[in-house]
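Each chain gets a letter, A, B and so on, in the order its sequence line appears, and its residues count up from 1.
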Amino acid sequence: MRQDLYANLTGIAVDILSNKRFRAIAFQLIVLLGFLGLLAYITRNAIHNMRELNILPKGNFLTEPGSVDNLGWVALDLMSVGARDPIWMFFVGSAINTIYIAILGIFFATVLGFIIGVMRLSPNWLVSRVAAVYVEIFRNVPLLLWILLINAIVFLPWPSPKEAIPVFDAFVASNRGLYAPRGIPLDGASTVGFVFLAGIIAAIVWSVYTRRVQAKTGKQLPVFWVNAAMIIAVPLAVFFVMGQPLSWETPQLKGFNYSGGVKLLPQFLALLTALSLYTAAFIAEIVRAGILSVNKGQREAASSLGLRPNLVMNLVIIPQALRVIIPPLTSQYLNLTKNSSLAIVVGYQEIVAVFMGTILNQSGRAVEIIGMTMAFYLSVSLLISFIMNIYNRAVALKER
Amino acid sequence: MKNIMLTTVAAVALAGTAFAQSATLDAVMERGQLICGVSTGVAGFSIADDGGNYTGLDVDVCRAVAAAVLNDAQAVKFVPLTSKERFTALQSGEIDVLSRNTTWTYTRDVDLGLEFVGVSYYDGQGFMVRKDLGISSASELDGASVCVITGTTTELNLADYFASNGMSYEGVVVETNAETNQNYEAGRCDVFTTDASGLAANRSQMAEPEAHMILPEIISKEPLGPVVRHGDNVWGDIVRWTLNSLIIAEEKGLTGAGVAAAGDSGDPEVRRLVGAEGDKAASLGLDSDAFGRAIAAVGNYGEIFERNVGPNTPVGLERGLNAQWTKGGILYAPPFR
Ligand SMILES: N[C@@H](CCC(=O)N[C@@H](CS)C(=O)NCC(=O)O)C(=O)O
């Protein structure tokens, strides 16, 4: 009797334990509890140690002045941050600089990466070798060295502002920066801008329309020339009709430096060049793998339909390759964004150098500042993944 | 009544033993090595040669502590730290002491959980320019590009100085001396600003030291000294009094070579210092001759100064403020009694 009960109970226990659902939930619970326990332990530890050192957070430091002038430049002049401005402005400004270099870096790395990746598969021996050498060189040397090297051999040796020779009295290349004239809009400039925007919208509509027509009737309408006219020629004509409503502010040497005009900092250029060239090497490999993953039969079938090689590439191979390319491409984008934090070695003012570096050091608010910086990178990474996922869904294989 | 007395005595006795305890001292003793944070390279203060041997004034302070605590001035591991990294390294316990041209400020002392134990070099911030720039005063620097190291008091003073003089500048901000030198020598900035001692040190490392000059303006007070973690008072006292003993030794004319015979000195303070009279160092859990060993290992403050940064070295600094108070300077250690 007793033994029966015992056997029954163990039977039930075994049943429960071997129940898949139960096991899955139980294990997740255990992991979750363990994780929460660890988190609690770490937090307790941190608080204890901070109390010991008398550095527990007090007051709101974000509204205190940053006290440094290290954020002299915010991308696109979106804001200007000086020593007496509050710390939160340093956070926002340096975050903008990170986002700025990430967007530009992603753009250039992608364009270059696709070109190199396609070159690697070129039947021309020289072209494919050049691409291969490029990839190997950039992939096998750490990014930090590339940044330092590119800064030292490309950007540092430029002449000083006093020695630099302006081109057309408008463009200057010096070791303090590249300068170009800045357009200052006058009365009527907004009309030109409006016509230009309208041109872009019209061009998009026209592209979609011509594609539909081609899909339905097979008829090819001119796209390139019509769009060029709408985006460039028409606004240009309006610009002249309106009497050129734009004046140019050219860079002028004043004292130690040039002022006026548009300025590109060498720190920025060095970092952007290094990030783009380096990441392009990885993207090239991803593109190559993606193209190779498309069945050879696809290319042969497309060719036998009489499509020219570049159409085969653009219409048949690349769309299929994209499905393989996009997931790893996303992680390269994330890498590039995070790698921009190496900026301090050349002095580009992004979030890790300015906020997590200088401001943390001067305020001593390590926990809050590192937390905010992590939250920033996390948000940017999630945003990139989100956008890429949407794109991925758009190009994914659609069962028809 | 008797009971109360007993418990009081017991409590005091227990507290007494608790007082002489230092977690850092225990860790250093057990390890047999002092871990000392220094700069990534400032000639004369802390710099490593090709063989990884460190020399400099800041280095000697650490060697003195190691000689006092471990009876071995070589038992030091030096950890090179940038200005930005240094406080985190100390707070997190990665190093036992930070001896790295670090300015004593309120925020660092109070808000960062650190303890400044004294001043090993009285300094002030200056500006260095190329001579051919044709500038003779910092007031002519409006609009200049300025090379500055982040994580320093330098960047704070710089912002204040330019703002209060109605001038503007463009900062070229990096993290180490080496990077700053590179930028400055390549002309990315017109001016290099840091502690005047650091300027002299950097100038001595440049391709053509004579081509550069340090402008007359000194725009700040930079009392530089060793730092320990807040909370370990015994350890703080050990480092403080090691430094003080080096300064007192110079004041008393006691050289490193003279320590061996110092027990016979006619000056009781000298005898106390080297442990020949009384056992002062025992209160810190050290051997009675601990401070004598420190002086013997690296020499007195004057010897350290002359050897590393004095007029006969490439750095070539005058004693100035760092002369003894008896010689027109402000170097003034509390009495050892
Ligand atoms: N005394 C200032 C500045 C200290 C500082 O960082 N000085 C520079 C120049 S002397 C330095 O030590 N650089 C060495 C390095 O790059 O590690 C402070 O404590 O903030």
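A donor-acceptor pair shorter than 3.5 Å can be found between the side chains of B/D232 and B/S22. Under 3.5 Å, the side chains of B/E155 and A/N70 contain a donor-acceptor pair of N or O atoms. Checking B/T154 against B/T193 by side-chain atom types alone, no donor-acceptor pair falls below 3.5 Å. At a cut-off of 3.5 Å, with distance as the only test, no side-chain donor of A/S160 or A/N175 sits close to an acceptor on the other residue. In summary, the side chains of A/T358 and B/T150 do present a donor paired with an acceptor at a separation below 3.5 Å, with no hydrogens or angles considered.
A/Q349 touches chain B through its side chain: at least one heavy atom from C-beta onward sits under 4.5 Å away, while N, CA, C and O do not. For B/Y169, the part lying under 4.5 angstrom from a heavy atom of chain A is the side chain only. For A/A366, no part sits under 4.5 Å from any heavy atom of chain B, backbone or side chain. Contact annotation for B/E115: neither backbone nor side-chain heavy atoms come within less than 4.5 Å of a heavy atom of chain A. Residue B/V110 touches chain A through its backbone alone, counting heavy-atom pairs closer than 4.5 Å. Neither the backbone nor the side chain of B/T105 comes within contact range of chain A; no heavy atom of the residue lies under 4.5 Å from a heavy atom of that chain.
Ring planes of A/F268 and A/Y100: parallel class, angle under 30° (limits at 30 and 60°).
Heavy-atom contacts from other residues, nucleotides or ligands closer than 6.0 Å to CE of A/M374 number 12 or fewer.
With chain A as partner, the option from B/D190, B/T176, B/V174 having the largest number of non-hydrogen pairs under 4.5 angstrom is B/D190. Note: A/N151 leads A/V354, A/L360, A/N151, A/I359 in heavy-atom pairs under 4.5 Å with chain B. Contact count against chain B (heavy-atom pairs under 4.5 Å) is highest for A/P266 among A/G255, A/P266, A/A83.
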